[in-house]
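Note that the coordinates shown come from a computational prediction; the quantities given were computed from them, not determined experimentally.
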Amino acid sequence: METESEPYVRLASLRQLHQVMADMNTARSLADTLQSVADGAVGALGYEMAAVNLVRQDGDLVVAAFSGNSAAESLITGRVGSRDSWDRRLNMGEQWGDLVFIPHTEGWVLDDDDVPQWYTDGPAPRFEDEWHPSDRLFAPMYTPGVQGGSSGELLGVISVDRPRNGRRPGAWGREALQMYAFQAAIAISNARLRANMQRALVRLERDQQALRASEESFRQAFEYAPSGMAIAEMGGDQHGRILRTNDALCRLLGRPASAMRRYSFSDLVHPEDIGTLLRTSAEGGRAELRLGRRDGSYVWVSLRNSVVADAADGPRFLLTHVEDIEERKRRELQLAHRASHDSLTGLPNSAELRSRLSSRLCRRQAQPGVLESLDAAYGHPAFDAPTGHGFDFAQGGEAFEGFDHHVHTSAPEDGRDDGTKGLAVLFCDLDGFKSINDRFGHNAGDAVLIEVARRLSRGVRDGDTVARLGGDEFVILADGLGKADAQDLAVRLRNEIIQPIRAEGRAVRVGASFGIGWAHCGMTADEVLKSADERMYVEKRSRPKQHRRAG
């Protein structure tokens with residue numbers, strides 16, 4: 001090709017150039033494409049040596065491929081020239097279209113820069129167009145779509161040395177090298193794109209494999225978890241519906257998986273725990289509540305929720321972990337019962353009695369400033385002076401709560417039964433109990449206390465409280481009684497108590513004295529109990545001794 005003039009180009013030369021370009025575009029990798037570009041400049045365009053300098057991410061250019069001289073190839077392949085040095089080269093010399101030719105008369109200033117270079121030996125030129133060993137010819141490659149000009153992004157530079165005919169390229173040679181650089185830029189860009197796609201496909205395949213492994217791990221963890229697991233819908237018309245359950249949850253509730261898919265947790269929860277479930281946050285929420293079994297019983301469980309997204313903008317699902325805490329709850333209830341109940345009789349103890357009584361009472365006196373705050377907030381007096389009835393406040397001067405729903409506890413007036421019904425407090429003290437302890441021992445005394453507790457509990461209504469205050473003292477809280485009702489109750493309970501009791505193989509008798517007090521708002525629990533206790537002693541002293549004891 002180097003001997004051909006512009007008007008006449010052999011068909012074989014065009015075929016050779018076409019084949020080289022085809023090889024560039026069909027290379028299997030980026031490295032093969034770069035080497036094809038260098039080989040084509042030597043084999044098809046007729047230069048003795050060619051190097052492909054590729055722009056790196058940091059902007060500098062590296063010798064990525066070399067052809068024509070094995071010694072030069074081993075010396076400069078992989079070496080890097082700075083971008084500043086390359087920009088200097090591409091902006092000096094003669095501009096042959098997109099090509100840059102730097103004659104030996106100007107190129108000597110570049111001998112000491114950092115761009116890797118190699119020169120062929122040869123004599124000084126004898127003719128004006130003869131190639132000098134120090135001449136330089138560069139073909140810049142720009143990103144596809146931008147042909148030449150400083151406006152394109154530089155992709156790399158093809159540098160060539162000494163045409164085989166020993167002369168500087170003519171018009172046809174220059175045009176061929178320029179077209180070749182343009183096609184090489186396309187081939188390199190396509191090779192890079194293919195390499196990026198291949199890397200992306202490899203990463204995608206790895207990600208898919210990891211996803212499949214993760215999904216399988218999740219399935220295994222879900223299906224074979226020792227505690228219950230469930231997946232439910234979030235949002236839409238079927239919000240909360242259970243989609244999937246594991247074997248552990250099905251066994252815990254005694255329900256098959258097919259049946260579980262007809263429910264949501266709100267369908268299974270104990271009616272008293274609905275509020276707890278609704279207050280539980282879906283994202284990271286936790287609650288302890290009771291779920292219904294197939295046999296109608298309930299089991300205490302701990303629910304922990306987390307949200308799982310199916311896709312970036314796809315549907316979300318609620319993953320719920322269900323842990324059986326029945327045994328722990330049973331122990332907690334036992335401990336709570338022991339703390340609030342008498343260990344001998346099983347009745348509420350003194351602390352529980354005071355708690356129940358205090359919960360029914362409110363204080364009429366608020367801390368300084370509270371009433372004024374209520375006046376300002378609600379626009380009317382917080383305390384109605386003429387009637388003496390105001391807002392209800394918590395026991396002990398603490399902040400009031402729920403006063404709109406509190407029902408004042410009132411009491412019948414002393415001396416007459418005016419039909420008023422209130423909270424009666426019956427203070428019961430056994431008569432003759434000490435003598436039983438002294439004569440027959442504490443085991444007999446304990447048996448008497450247990451039986452008295454049973455008789456008192458049997459003699460009151462559901463909802464009334466029978467408590468053991470301590471020793472042989474009992475207290476009954478009975479709400480909604482009038483004065484006559486409370487007196488009748490005391491008589492009935494006394495008659496139950498005085499019946500013979502079997503203790504340690506013998507029949508013994510005890511009597512009972514009752515004092516009736518009335519709880520009403522404005523009193524403390526201790527004040528109410530003290531009032532009933534005092535009335536009991538009045539009643540005890542008013543009866544003859546022989547009537548108080550049944551021995």
Side-chain angles (χ1 to χ4, degrees), residues 340 347-368 370-371 374 378 380-429 456 459-470 473-493 513-540 542:
S340 60
L347 296 178
N349 59 19
S350 175
E352 178 67 12
L353 170 66
R354 284 175 168 79
S355 175
R356 295 187 185 186
L357 183 54
S358 296
S359 68
R360 289 297 316 277
L361 304 174
C362 64
R363 298 301 298 267
R364 296 188 186 281
Q365 298 298 322
Q367 293 180 349
V370 174
L371 299 181
L374 289 173
Y378 294 96
H380 57 75
F383 193 88
D384 190 348
T387 62
H389 295 289
F391 288 104
D392 305 331
F393 297 91
Q395 177 90 13
E398 298 174 357
F400 61 90
E401 180 181 2
F403 54 82
D404 287 338
H405 306 289
H406 180 79
V407 178
H408 280 297
T409 299
S410 56
E413 295 184 10
D414 289 338
R416 62 188 179 89
D417 189 354
D418 59 358
T420 302
K421 297 183 182 296
L423 176 58
V425 181
L426 283 68
F427 199 107
C428 171
D429 182 78
L456 289 174
V460 299
R461 304 164 302 175
D462 291 340
D464 291 344
T465 294
V466 177
R468 184 187 178 195
L469 193 59
E473 295 178 335
F474 298 85
V475 173
I476 297 94
L477 304 182
D479 203 359
L481 298 185
K483 192 171 184 180
D485 298 329
Q487 292 170 347
D488 289 344
L489 176 59
V491 171
R492 286 191 289 103
L493 294 178
S513 297
F514 282 86
I516 304 175
W518 296 93
H520 59 82
C521 291
M523 298 178 69
T524 66
D526 287 336
E527 289 172 347
V528 175
L529 294 174
K530 181 180 179 181
S531 172
D533 185 26
E534 290 173 349
R535 292 172 186 264
M536 182 274 297
Y537 275 106
V538 170
E539 194 268 348
K540 184 186 289 283
S542 67

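In summary, Arg461 and Asp464 engage in a salt bridge, as defined by a charged side-chain N under 4.0 Å from a carboxylate O. A salt bridge links Glu352 to Arg356: one of the charged nitrogens lies within less than 4.0 Å of a carboxylate oxygen. The pair Lys421-Asp479 does not count as a salt bridge, with every side-chain nitrogen at least 4.0 angstrom from each carboxylate oxygen.
Closest non-hydrogen pair, Val466 versus Pro348, comes out as O-CD, 3.0 Å. For Ala486 against Leu481, the heavy-atom pair with the smallest separation is CA-CD1, 4.1 Å. In plain terms, the two heavy atoms of Glu473 and Tyr537 that are nearest each other are OE2-OH, 4.4 Å. The two residues Lys540 and Ser513 make their nearest non-hydrogen contact at NZ-OG, 3.4 Å. Smallest separation of non-hydrogen atoms from Ala525 and Leu361: N-CD1, 4.0 Å.
At a threshold of 4.5 Å between non-hydrogen side-chain atoms, the residues Asn349 and Arg468 do not count as touching. Two residues are said to be in side-chain contact when any heavy atoms from C-beta on lie closer than 4.5 Å; Leu423 and Leu357 meet this criterion.
Rounding to the nearest 0.5 angstrom, the gap separating the CD1 atom in Ile516 from the CE atom in Met536 is 12.5 Å. Rounding to the nearest 0.5 Å places CG of Asp533 at 11.5 Å from CG of Asp526. The CD1 atom of Ile476 lies 5.5 Å from the CG atom of Leu426; values are rounded to the nearest 0.5 Å. Once rounded to the nearest 0.5 Å, the distance linking CD of Gln487 with CZ of Phe514 reads 13.0 Å. Distance OG/Ser355 to CZ/Arg360: 13.0 Å, rounded to 0.5 Å. We find the CG-CZ distance between Leu353 and Phe474 to be 12.5 Å, quoted to the nearest 0.5 Å.
With sequence neighbours excluded, no residue satisfies salt bridge (charged side-chain N to carboxylate O under 4.0 Å, His left out) with Arg492.
At distances below 3.5 Å, at least one donor-acceptor pair connects side-chain atoms of Ser358 with backbone N or O atoms of Arg354.
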